[in-house]
Structures are given as structure tokens and as C-alpha cells.
Amino acid sequence: MQYRRLGQAGMRLSAIALGGWTTFGESIREQDLAREIIVAAYDAGIRFFDIADAYARGESERMMGEVLKEFPRHTLVISSKLYWPMSDDPNDRGLSRKHIRESIDKSLARIGTDYLDIYYCHRYDAETPLEETVRAMDDLVHQGKILYWGTSEWSGAQIAQAVGIARQHNLYGPSVDQPGYSLVRRARVEKEVLPAARAHGIGLTTFSPLANGLLTGKYDEGVPEDSRAARNESLRTRAQGDDADRVRRLKPIADDLGISRAELALAWILRHPEVASVITGATKPEHVRSNARAADVALTEDILAQMDELFPL
């Protein structure tokens with residue numbers, strides 16, 4: 001496993017992370033299975049675990065935290081997020097100082113830890129002054145409740161504005177952004193987010209690297225009735241269209257390297273030095289072990305050119 005520096009910050013993250021989105025508390029409800037997956041991740045060298053309060057309305061934090069407390073805390077990097085509504089209360093959402101202050105304590109209690117290594121603003125909040133959000137995050141750092149904070153799915157301009165406010169007022173600014181990024185979702189990240197990360201020394205922790213399983217080849221023979229694509233119209237369209245054909249043509253490239261298409265897709269993201277970690281999901285221990293191997297895959301310029309031809313920007 002590689003361990004990569006988070007932008008200009010001193011902390012290092014495992015190149016492959018395990019996330020809780022759509023799995024723990026949703027597709028995975030058995031605590032024993034959750035433990036098997038998380039222990040497999042730790043044994044494979046994965047030390048970065050990514051959660052959010054909105055994942056299964058806090059259940060993902062609780063399930064993952066129950067297992068993570070078995071490991072020495074200093075060996076872990078744990079992140080969570082806030083923004084999305086957690087109840088019908090009008091203040092139980094967004095990035096106001098009130099919601100930030102109250103949400104961090106709830107997340108810490110559910111996870112069972114004294115602090116988070118990273119706390120993300122899960123989306124940009126147009127209804128709260130950005131300076132209020134930056135100052136509230138700075139407060140949490142001074143209180144010892146978080147070590148670093150970041151953004152998720154923010155535009156390059158929004159990231160730059162947050163950095164500017166922090167520098168102007170001598171506050172702790174964002175150290176990381178978490179964008180969705182994959183072979184089939186390239187343009188926004190490569191044209192906008194990566195340049196902002198380079199300019200401001202921000203690390204990236206990308207999510208949805210396999211496009212909800214599409215890039216694994218699981219839909220090569222069509223869309224099974226009990227699959228995620230059968231329940232998601234957008235994914236079903238991709239799984240039956242040009243993207244699916246491109247994924248099939250990706251197989252010979254992976255086969256020549258002796259790896260899976262999933263490992264190839266993960267390694268393709270890790271080619272960027274700005275990417276500190278790729279967040280993956282898993283419903284079985286063997287998924288984690290396979291994903292972890294991608295950290296050691298080196299891609300030549302020729303292979304990257306072939307992949308760019310298949311999945312143009």
C-alpha cells in the first residue's frame with residue numbers, strides 16, 4: 001500500500017480508502033459482515049476510512065465506528081461530512097455555524113472517537129456566508145475536534161474563494177476536496193478541480209471511481225434485474241450504451257497487465273500526484289483486497305494513451 005501526502009498538509013493517507021456510502025447501513029446491515037470488510041481493509045494496509053452523517057442517516061458512522069475502535073486510533077485517518085438535512089428541523093442542515101457546531105458532536109458520538117482527521121463540507125451552501133463556514137471550521141480545529149477540513153463537490157472557484165478568505169483572516173483553510181471522478185466522469189475534475197488543487201496545495205480524495213460498478217465489467221452481458229443499474233435509470237442507460245462498449249474494450253488492456261478492470265480504473269486515477277486517496281466501496285472482503293492491489297499498479301504512457309482514446313475528456 002502506498003501512503004500519500006494530503007496536498008501540502010503533513011498527514012499521509014493510504015492511496016486506497018474504504019468509504020461507507022451506499023454500503024454500511026444500507027446494502028450492508030449485518031455488523032459481522034461490516035467487521036469482516038473493515039478488518040480486511042486494515043489488513044490490506046488501508047488506513048483511511050471515509051463516512052458522512054447523511055449516509056444511512058448516521059447508521060454508517062455508527063457501524064464503521066463500532067469496528068474502527070478496535071484499532072489503535074493513531075493508525076487511522078477517519079473522515080466524515082455534513083451539509084445534507086438530518087431531520088425536518090430548519091437548522092439541521094447546511095453549513096451554518098450552528099449546524100457545524102452541533103453536527104460535529106453528533107458524528108463524534110456515533111463514530112466513538114474524540115476527533116476527526118478530516119471534516120468535509122459535503123456540498124457548497126449558497127445560503128450561508130462562506131466566511132461564516134470557514135470561521136466555524138477554524139474554530140473546530142482550535143477546539144481539537146478536527147485536524148483538517150475540506151470540501152466535496154465544490155467548484156474550483158468556490159475552493160479558491162474559501163482559501164482566499166482563510167488567508168485573509170489567518171484562519172485554517174481547506175486542505176482537501178472530495179470530487180466524484182472516474183474514467184466516465186472526467187471533464188469537471190480535470191478542467192476545474194485539479195487546477196485549483198495544484199494552485200492552492202489541496203489534496204484530492206476522489207469518490208465513485210468505478211462509476212457505480214460500471215467500470216468493473218459487471219454489465220458486460222446486460223443489466224440483471226436485481227442489480228443497481230436496474231434500479232437507477234441513469235446507470236442503466238450507461239450500462240446499455242456507449243460507455244458499456246468502452247468498458248468491454250478496456251478488458252484486453254487489463255488482461256495484458258494481469259489485473260482486473262477495477263484495478264486498472266483505480267490506478268488510472270492515482271496517476272495524478274494531486275490525488276491523495278481513491279475512496280472505494282465494498283460489500284465483500286474480497287472486493288477490498290482487489291481494490292487495495294491497485295495502489296501498486298504502474299501505468300505506462302502507452303497504456304494511458306489507450307485509455308484516453310477509449311474514454312476521451
### Query
P209 pairs by side-chain contact (heavy atoms from CB on, under 4.5 Å) with which of L270, N291, T280, V275?
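Only one of L270, N291, T280, V275 forms a side-chain contact (heavy atoms from CB on, under 4.5 Å) with P209, namely T280.
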
Output yes when a side-chain donor or acceptor of [X] lies under 3.5 Å from a complementary backbone atom of [Y], and no otherwise.
X: R97; Y: I100; result: no
X: S14; Y: F48; result: yes
X: T128; Y: D125; result: no
X: R5; Y: A9; result: yes
X: S60; Y: W21; result: no

Got [X] and [Y] here, is their nearest side-chain heavy-atom distance under 4.5 Å?
X: I78; Y: E61; answer: no
X: E153; Y: Y83; answer: no
X: K106; Y: M86; answer: no
X: R101; Y: D139; answer: no
X: L194; Y: H272; answer: yes

### Query
Is the gap between the ring centers of Y120 and W154 under 6.0 Å?
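So the answer is no for these two rings.
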
### Message
Taking ring-ring contact (aromatic ring centres under 6.0 Å, His included) as the definition, give me every residue that meets it alongside F311, ordered by chain and number, with sequence neighbours left out.
### Response
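So F311 forms no ring-ring contact (aromatic ring centres under 6.0 Å, His included) with any residue.
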
#### Entry: For Y172, all residues meeting ring-ring contact (aromatic ring centres under 6.0 Å, His included), sequence neighbours excluded
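Here the qualifying residues are H142.
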
### Task
May I ask you to check if R47 and Y42 form a cation-pi contact, with NZ or CZ under 6.0 angstrom from the six-membered ring centre and within 45° of the axis?
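Yes; both conditions hold, so R47 lies above the ring face of Y42.
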
Should [X] and [Y] count as an ion pair when the cut-off is N to O under 4.0 Å?
X: E131; Y: R135; answer: yes
X: K145; Y: D105; answer: yes
X: R35; Y: D32; answer: no

How long is the gap from [atom1] on [X] to [atom2] on [Y], to the nearest 0.5 Å?
X: R293; Y: I259; atom1: CZ; atom2: CD1; answer: 10.0 Å
X: D177; Y: E274; atom1: CG; atom2: CD; answer: 12.5 Å
X: Y3; Y: S277; atom1: OH; atom2: OG; answer: 10.5 Å

### Task
Taking all non-hydrogen atoms of both residues into account, name the closest pair between K81 and D50 and its distance.
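Of all heavy-atom pairs spanning K81 and D50, the closest is NZ-OD2, 2.7 Å.
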
### Query
Is there a donor-acceptor contact under 3.5 Å linking the side chains of N91 and E102?
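No donor-acceptor contact under 3.5 Å links the two side chains.
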
### Query
Do you see a donor-acceptor pair shorter than 3.5 Å between the side chains of T151 and Q158?
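Checked: T151/Q158 side chains show no N/O donor-acceptor pair below 3.5 Å.
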
### Message
For Y55 and W84: C-alpha separation, side-chain torsions, deciding distance, then whether ring pair (Phe, Tyr, Trp, His ring centres under 6.0 Å) applies.
### Response
CA-CA 10 Å; Y55 297 167; W84 298 108; over 10 Å; no

#### Entry: CZ (R271) with more than 12 external heavy atoms under 6.0 Å
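Yes, because the 6.0 Å sphere around CZ of R271 holds more than 12 heavy atoms from other groups.
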
